[in-house]
Amino acid sequence: MTSPPRTPGPLTVREVTEDQHLDFIRGRRSASFLQTPAWGRVKSEWRRESLGFFRGDDLVGVGLVLYRQLPKVKRYLAYLPEGPVIDWSDDDLSAWLTPMTEHLRSRGAFGVRMGPPVVTRRWSAAQVKEGIADDAVRRLGEVPPSERDHTGARVVSQLCELGWRLQAVEGGFAAGQPQYNFQIPLRTPEGEPRTEDDVLKGMNQLWRRNIKKAAKEGVEVSSSTTAAEAAESLQAFHELYVHTAERDHFTPRPLSYFRTMVEALGSEEPDRIRLYLARHEGDLVAATIAIRVGGHAWYSYGASSTEKREVRGSNAVQWAMIRDALAAGADVYDLRGITDTLDPEDSHVGLIQFKVGTGGEAVEYAGEWDLPLNKPLYAAFDLYMKRRG
C-alpha cells in the first residue's frame, strides 16, 4: 500500500483551537478519548492546550497537552496521555517530536511525558489462559505472543535513541495509563464487521452461560442515549460505584468528577459517552460507563452489587455494551487495563480471568515515556512523585 503524498517542508507545532483539534479527531478512525479536547475539561486541575502539527498549512496531527505544575515553581510537566495523535509509522519520529518538545519547552515545561498509542505485542485469550494454568509462568511477557508489531518495535527503538525514558512500573500499571489492555476485535482480519453470534461464540462457556442466565433471570439493561439522560443516571451509578469501592478496597472518585466527565464528553459528541444500568426486579445490580471515539469503544468504569450476584448483571451489562459497539460499527471493544501478572495467587488475576472470558486478546502498548528538558527540575519532580506515591 502506498503512503499518501506529503506536503513538502518541515513539520511545525503550534497551538490550535479546540474546534480544529476536534475536527482532526473526527477525521480519524481511532484516537484515544484521552486525546480529545473534552478530556482537557475533565482534568480541570491541569492547565490544557491543544497542539497542532503542521506541514506547510496542512494540519497533519494533534495533541492534548495537560500541564502539571511543580510545587512552588512556575514550571510544568507536559503530559500527553495516549498521545499525541500523529503518524507513528513514520521512520523519522524526530521530525514530529523535536518541534513538539521545543514548543512545550517554550511553554515552561521541564519535562514531557507521553503515551504512544502503538501496540507492541498481542496474545490470544487461549494463550493467556494457558499462561495462567502453567506453574512456570508468572508474567504475560513470559508467554510467546501471537503477534509482534513491527511499527511498535520501531517506535520503541527510536524513542530510546532520541533520549526518551520508559516509565515502567511493576505489574504493568504505569503512573498514568495502563500498558496492558484487553480488547475484543469487532472486525475480522479482512476488515469485515463481526456478527453478534460470532463474538458470542468467541467467548468461553462460562461467559455464554452467564449471559443466558441473566436474560433468563429477567435482568434488564437500559442505557442513556443523550448526555442529559446520562446525567440523570449518574446518581444511581455513583452509589453503586461507591459500594463497589468499599467492597474491593479502592478509593472512589467523587460524583462531581463523573458529572464533569459526562458534561464535557457528552457536549463534544452526542454518542461519546453512555451510562448503562442493569436491574433485576427493580434493584440495580450493575452499572457501567462506555465511551466511543470513531471506531474505538471503551468500557471505562464499572460497578456491581454484592447482593444478587447470581443473576449475572455484570455479564449482562457488558454484553449490552458490546452489542451497541457492534451496532455503531466499531472496530474494537476495549476493556482497558490489566496487569501483566499471570500468577494464580495474585489478586489481580481475577480481573484478567473475567476479561479473558470474552474471547478477545491481551494487548501491550509501548507504554509511557518521559523526556527531561531540565534535568535538575525533572529529578526534583520525580522525587516528589515517588514520595507521594
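One-based numbering along the sequence shown. Predicted, not measured: the structure shown is a model, and the values here were computed from it.
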Task: Residue list, side-chain contact (heavy atoms from CB on, under 4.5 Å) with Y76, at least two apart or on another chain - done: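 Y76 satisfies side-chain contact (heavy atoms from CB on, under 4.5 Å) with R47, Y67, Q69 only.
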
Task: side-chain contact (heavy atoms from CB on, under 4.5 Å) partners of P254, counting only residues at least two apart - done: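 For P254 the side-chain contact (heavy atoms from CB on, under 4.5 Å) partners, ignoring immediate neighbours, are S256, Y257.
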
Is there a side-chain contact between [X] and [Y] in this structure, where contact means two heavy atoms from C-beta onward sitting under 4.5 Å apart?
X    : Y    : answer
V60  : D87  : no
L77  : F381 : yes
T288 : Y299 : yes
L104 : V65  : yes
V219 : R312 : no

- [ ] For W298 and L335, run side chain to side chain contact (heavy atoms under 4.5 Å, CB included): C-alpha distance rounded to whole Å, both residues' side-chain angles, the deciding distance at 0.1 Å, then the answer.
- [x] CA-CA 6 Å; W298 290 268; L335 290 109; over 6 Å; no

Closer than 3.5 angstrom, by distance alone: can the side chain of [X] be matched with the main-chain N or O of [Y] as a donor-acceptor pair?
X    : Y    : result
K355 : A362 : no
W164 : E161 : no
Q318 : N315 : no
W88  : G152 : no
H280 : E217 : yes
R208 : M203 : yes
T98  : S94  : yes

TODO: Take L351 and F182, measure what side chain to side chain contact (heavy atoms under 4.5 Å, CB included) needs, and give me the verdict at the end.
DONE: CA-CA 10 Å; L351 177 66; F182 204 86; over 6 Å; no

In Å, rounded to the nearest 0.5 Å, how long is the span from [atom1] of [X] to [atom2] of [Y]?
X    : Y    : atom1 : atom2 : answer
E268 : I273 : CD    : CD1   : 11.0 Å
R292 : L265 : CZ    : CG    : 13.0 Å
E281 : R279 : CD    : CZ    : 13.5 Å
L275 : I289 : CG    : CD1   : 4.5 Å
M100 : F53  : CE    : CZ    : 5.5 Å
D134 : Q127 : CG    : CD    : 12.5 Å

Open item on the list: D324: which residues meet the side chain to side chain donor-acceptor pair (under 3.5 Å) condition with it, sequence neighbours left out?
Closed with: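 Y276.
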
Task: Partners passing side chain to side chain donor-acceptor pair (under 3.5 Å) against Q35 (at least two apart in sequence or in another chain) - done: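 For Q35 there are no side chain to side chain donor-acceptor pair (under 3.5 Å) partners, ignoring immediate neighbours.
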
Task: Verdict with reasoning, R272 to I291, per side chain to side chain contact (heavy atoms under 4.5 Å, CB included) - done: CA-CA 5 Å; R272 176 76 86 227; I291 300 172; 4.2 Å; yes

Does a sphere of radius 6.0 Å around [atom1] in [X] hold more than 12 heavy atoms from other residues, nucleotides or ligands, not counting ones at 6.0 Å or beyond?
X    : atom1 : result
E82  : CD    : yes
E220 : CD    : no
E45  : CD    : yes

Determine whether [X] and [Y] fall in the same hydrophobic cluster, where Ile, Leu, Val, Met, Phe, Trp and Tyr are linked whenever their side-chain heavy atoms lie under 4.5 Å apart.
X    : Y    : answer
L206 : V349 : no
V128 : V363 : no
I338 : V332 : no
V119 : V356 : no
M321 : L200 : yes

Open item on the list: Do R55 and W96 form a cation-pi contact, if we require the NZ or CZ to be under 6.0 Å from the six-membered ring centre and within 45 degrees of the ring's axis?
Closed with: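 Positive - R55 is close enough to the ring of W96 and near enough to its axis.
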
Task: Pair listing, salt bridge (charged side-chain N to carboxylate O under 4.0 Å, His left out) test, anchored in residues 180-202, at least two apart - done: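 Found R187-D331, R194-D198, E196-R323.
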
Open item on the list: Between Q177 and R336, is the side chain to side chain donor-acceptor pair (under 3.5 Å) condition met? List the steps.
Closed with: CA-CA 9 Å; Q177 304 309 316; R336 293 292 281 169; 3.0 Å; yes

Task: Summary of ring pair (Phe, Tyr, Trp, His ring centres under 6.0 Å) pairs that have at least one residue in residues 315-342, sequence neighbours excluded - done: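 Qualifying pairs: none.
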
TODO: Kindly determine whether R107 and E15 satisfy salt bridge (Lys or Arg N to Asp or Glu O under 4.0 Å), including the steps that lead there.
DONE: CA-CA 11 Å; R107 290 291 202 254; E15 185 174 8; 3.1 Å; yes

Open item on the list: Tell me which one of K43, R48, E49 satisfies side-chain contact (heavy atoms from CB on, under 4.5 Å) with W46.
Closed with: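 Of the listed residues K43, R48, E49, the side-chain contact (heavy atoms from CB on, under 4.5 Å) partner of W46 is K43.
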
Task: CA sep, side-chain torsions, deciding dist, call: K308, D283, salt bridge (Lys or Arg N to Asp or Glu O under 4.0 Å) - done: CA-CA 9 Å; K308 292 192 170 184; D283 298 322; 2.7 Å; yes

Any side-chain donor near an acceptor of the partner, [X] and [Y], under 3.5 Å:
X    : Y    : result
R253 : Y301 : yes
E364 : T120 : yes
S224 : E229 : no
T339 : H348 : no
H243 : T306 : yes
R274 : S223 : yes

- [ ] Report the C-alpha separation of Y365 and Y180 in whole Å, then their side-chain angles, then the decisive distance to 0.1 Å, and conclude whether the ring pair (Phe, Tyr, Trp, His ring centres under 6.0 Å) test is met.
- [x] CA-CA 6 Å; Y365 282 88; Y180 297 90; 9.5 Å; no

Open item on the list: Using the rule given for side chain to side chain donor-acceptor pair (under 3.5 Å), can you reason through S304 versus R247, listing the C-alpha separation, both sets of side-chain angles and the distance that settles it, and then say yes or no?
Closed with: CA-CA 10 Å; S304 63; R247 183 190 68 219; 3.0 Å; yes

Open item on the list: Go through it in stages, so that I can follow the logic: the residues are E310 and K213, the test is salt bridge (Lys or Arg N to Asp or Glu O under 4.0 Å), and I'd like the CA-CA distance, side-chain angles, deciding distance and then a yes or no.
Closed with: CA-CA 9 Å; E310 71 281 0; K213 182 168 187 182; over 6 Å; no

Task: side chain to side chain contact (heavy atoms under 4.5 Å, CB included) between F110 and L70, intermediate numbers included - done: CA-CA 9 Å; F110 62 83; L70 190 65; 3.9 Å; yes

Open item on the list: salt bridge (Lys or Arg N to Asp or Glu O under 4.0 Å), that's the test. Do E142 and R139 meet it? Break it down for me.
Closed with: CA-CA 6 Å; E142 296 168 20; R139 297 280 173 196; 5.8 Å; no

